[in-house]
Chemist: 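Starting off with a structure, shown below.
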Amino acid sequence: MVIGRDAHASLLTGLVHSGARPVWAIPRTHPRHGLPLGLTAAEVGRVLDGHPRARAVVITSPGFATTCAEIPEIIAVARARG
């Protein structure tokens, strides 16, 4: 399961209870403020390439800083990898 490192705490608690093993995708960050800007399709693709047995991509978007991941592009990347 690929999960954005900016995921909500409730999702992380669910991971602990389910025993799922996350593979972390790192969101972009604002260079000056350090706020997470959301996941990119390139980052999700990089993680999926390194973990081809992953069967889900979970994204929290919009995030805490009200920024959004590249949802349509991430969907295309995930579908292309099955």
Chemist: Identify the two heavy atoms, one from A54 and one from V2, that lie closest to each other, and give their separation to 0.1 Å.
Modeler: CB-CG2, 3.9 Å
Chemist: May I ask you to test the I74-I59 pair for a side-chain heavy-atom distance under 4.5 Å?
Modeler: yes
Chemist: Over all heavy atoms of both residues, which pair between A69 and S61 is shortest? Give the atoms and the distance, please.
Modeler: N-OG, 2.9 Å
Chemist: Please report the interatomic distance CD1(I3) to CZ(R21), rounded to the nearest 0.5 Å.
Modeler: 13.5 Å
Chemist: With heavy-atom distances below 4.5 Å as the criterion, would you say the side chains of T67 and D6 are in contact?
Modeler: no
Chemist: Could you work out, with side chain to side chain contact (heavy atoms under 4.5 Å, CB included) as the rule, every residue matching I75, not counting sequence neighbours?
Modeler: I71, R79
Chemist: Provide the closest heavy-atom pair for W24 versus V47 in the form atom of the first, atom of the second, distance.
Modeler: O-CG2, 3.7 Å
Chemist: Quick one, V58 and M1 - any side-chain contact, counting heavy atoms below 4.5 Å?
Modeler: yes
Chemist: Can you list the residues that meet the side chain to side chain contact (heavy atoms under 4.5 Å, CB included) rule with R46, with sequence neighbours excluded?
Modeler: E43
Chemist: Provide the closest heavy-atom pair for V23 versus H51 in the form atom of the first, atom of the second, distance.
Modeler: CG1-CD2, 3.1 Å
Chemist: Got a second to check how far L12's CG is from R5's CZ, nearest 0.5 Å?
Modeler: 7.0 Å
Chemist: What's the separation between atom OG1 in T29 and atom CG in L35, rounded to the nearest 0.5 Å?
Modeler: 9.0 Å
Chemist: For A41 versus V77, what's the shortest heavy-atom pair and its separation?
Modeler: CB-CG2, 3.8 Å
Chemist: Please report the interatomic distance CG(D49) to CZ(R81), rounded to the nearest 0.5 Å.
Modeler: 4.0 Å
